[in-house]
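Take a look at the structure set out below.
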Amino acid sequence: MKVIITSDKSNGSKKGFEIFEKSIANGAKVIGLATGSTPVALYQEWVKSDMDTSNLTSINLDEYVGLAPDNDQSYHYFMQKYLFNEKPFKKTYVPDGIKAIKDPEGASDDYNKIIAENPIDIQLLGIGRNGHIAFNEPGTSFDSVTHEVKLTDNTIKANSRFFDNIDDVPKTAICMGIANIMSAKEIVVMAFGDNKADAVAKMVEGPVTEDVPASILQQHQNVTVIVDQAAASKLSAKYQK
């Protein structure tokens, strides 16, 4: 696990994009993408670049159950807004939040098949304050594959800033499992701000435990963690050099 400490989120996002740019130049074709506030600046770097994305396939981590792709709070919509409208990919995949209303198992099985048919070359991740990755909350099995997730009260509260009312926040999501994430050949994790410092320390240096889902990344062969100084503040001295 390689840890890169940058001065701020802007520089961290630029470094993150450089890693993706290099990986794609070296032949990566299937890109695992994330949503939320953390990756937005990286996507802005991507849009400003001259990279040709027409031969790339993307696979997103998750989608809210019940939100159609044209809903402005869906992750389909998020990806179009921040990346795909300016940088169209050959093919893009996001879990089917509408099919999942009546058939979450079917929607999950469909997505597992997509991942199996399109092995991910490089995966982008954020990390939650409790160590969750995607919507895989503490207690999720390391062997999990795409599944329906009941969102915790804390996650619903955190995501309510994107909605007009907390009651509008979906209560479940279809989410790539931890085993799916670990199947990626390369993983980049970004975290910024002192509210992520505890989770970052547990991810990088804590015991590998399902109580901290991100801790499993210690067992992956190619992970880069990009943090600002605030998010790195609880790492041991060997990472502060």
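As the structure is a computational prediction, the values presented were derived from the model and not from experiment.
- For D194 (side chain) and A230 (main-chain N/O), no donor-acceptor pair under 3.5 Å exists by modelled atom type.
- Under the 3.5 Å distance criterion, the side-chain polar atoms of D228 are left unmatched by any main-chain donor or acceptor of T6.
- Qualifying ring pair (Phe, Tyr, Trp, His ring centres under 6.0 Å) partners for Y77, counting only residues two or more places apart in sequence or in other chains: none.
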Requested in this report: Apply the test salt bridge (charged side-chain N to carboxylate O under 4.0 Å, His left out) to residues D110 and K99: give CA-CA distance (whole Å), side-chain angles for both, the deciding distance (0.1 Å), then the verdict.
Outcome: CA-CA 10 Å; D110 291 346; K99 179 174 181 176; 2.7 Å; yes
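- Here the side chain of Q73 pairs no donor or acceptor atom with the backbone of L67 at under 3.5 angstrom.
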inquiry  = Set out, in order, the CA-CA distance, both residues' side-chain angles and the distance that settles salt bridge (charged side-chain N to carboxylate O under 4.0 Å, His left out) for D198 and K202, then state yes or no.
reply    = CA-CA 6 Å; D198 189 55; K202 290 178 179 178; 3.3 Å; yes
> Are N165 and D168 close enough, and set up right, to give a side chain to side chain donor-acceptor pair (under 3.5 Å), and what steps lead you there?
Replying inline: CA-CA 5 Å; N165 189 302; D168 296 333; 5.5 Å; no
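- Taking OH from Y111 and CD1 from I59, the interatomic distance works out to 6.0 Å, rounded to the nearest 0.5 Å.
- Counting non-hydrogen atoms of other residues, nucleotides and ligands closer than 6.0 Å to CG of D72 gives a total above 12.
- Under the 3.5 Å distance criterion, the side-chain polar atoms of E148 are left unmatched by any main-chain donor or acceptor of A100.
- Screening V208, V204, V223 for a side chain to side chain contact (heavy atoms under 4.5 Å, CB included) involving Q218 leaves a single residue, V208.
- Between L235 and A201, the shortest heavy-atom distance links the atoms CD2-CA, 3.8 Å.
- Considering all non-hydrogen atoms of both residues, R129 and A199 come closest at O-CB, 3.5 Å.
- One N or O on the side chain of S215 and one on the backbone of T209 form a donor-acceptor pair closer than 3.5 Å.
- Panel note: side chain N159, backbone I156; no donor-acceptor pair is recorded below 3.5 Å.
- Take Q123 and apply the side-chain hydrogen bond (donor to acceptor under 3.5 Å, both in side chains) test, not counting sequence neighbours, and it matches no residue.
- Note: I122 CD1 to K22 NZ = 10.5 Å, rounded to the nearest 0.5 Å.
- In plain terms, the two heavy atoms of A214 and I127 that are nearest each other are CB-CD1, 3.6 Å.
- Atom-to-atom distance recorded for I4:CD1 and N11:CG is 12.0 Å, nearest 0.5 angstrom.
- Using modelled atom types, one finds a donor on one side chain and an acceptor on the other under 3.5 Å when comparing T152 with T155.
- With rounding to the nearest 0.5 angstrom, the CG atom of N118 is 5.5 Å from the OG1 atom of T57.
- Between the H220 side chain and the A184 main chain, a donor and an acceptor come within less than 3.5 Å of each other.
- Remark: side-chain polar atoms of N60 are not paired, donor with acceptor, to backbone N or O of D62 under 3.5 angstrom.
- In this structure, NE2 in H76 is found 11.5 Å from OG1 in T35, a value given to the nearest 0.5 Å.
- Taking the six-membered ring for Trp and thresholds of 30 and 60 degrees, Y64 and F163 have ring planes more than 60 degrees apart, a perpendicular arrangement.
- With hydrogens and angles disregarded, a donor-acceptor distance shorter than 3.5 Å links the side chain of H147 to the backbone of V145.
- From I166, atom CD1 reaches atom CZ of R161 across 12.0 Å, with rounding to the nearest 0.5 Å.
- Within the 3.5 Å criterion, the main-chain N or O of S236 finds a donor-acceptor partner in the side chain of E205.
- Of all non-hydrogen atoms in G12 and I226, the two that sit nearest each other are O-CG2, 3.6 Å.
- Residue F192 comes nearest to D8 through the heavy atom pair CE2-O, 4.4 Å, listed as atom of the first residue, atom of the second, then distance.
- In this structure F78 satisfies the ring pair (Phe, Tyr, Trp, His ring centres under 6.0 Å) test together with Y82, sequence neighbours excluded.
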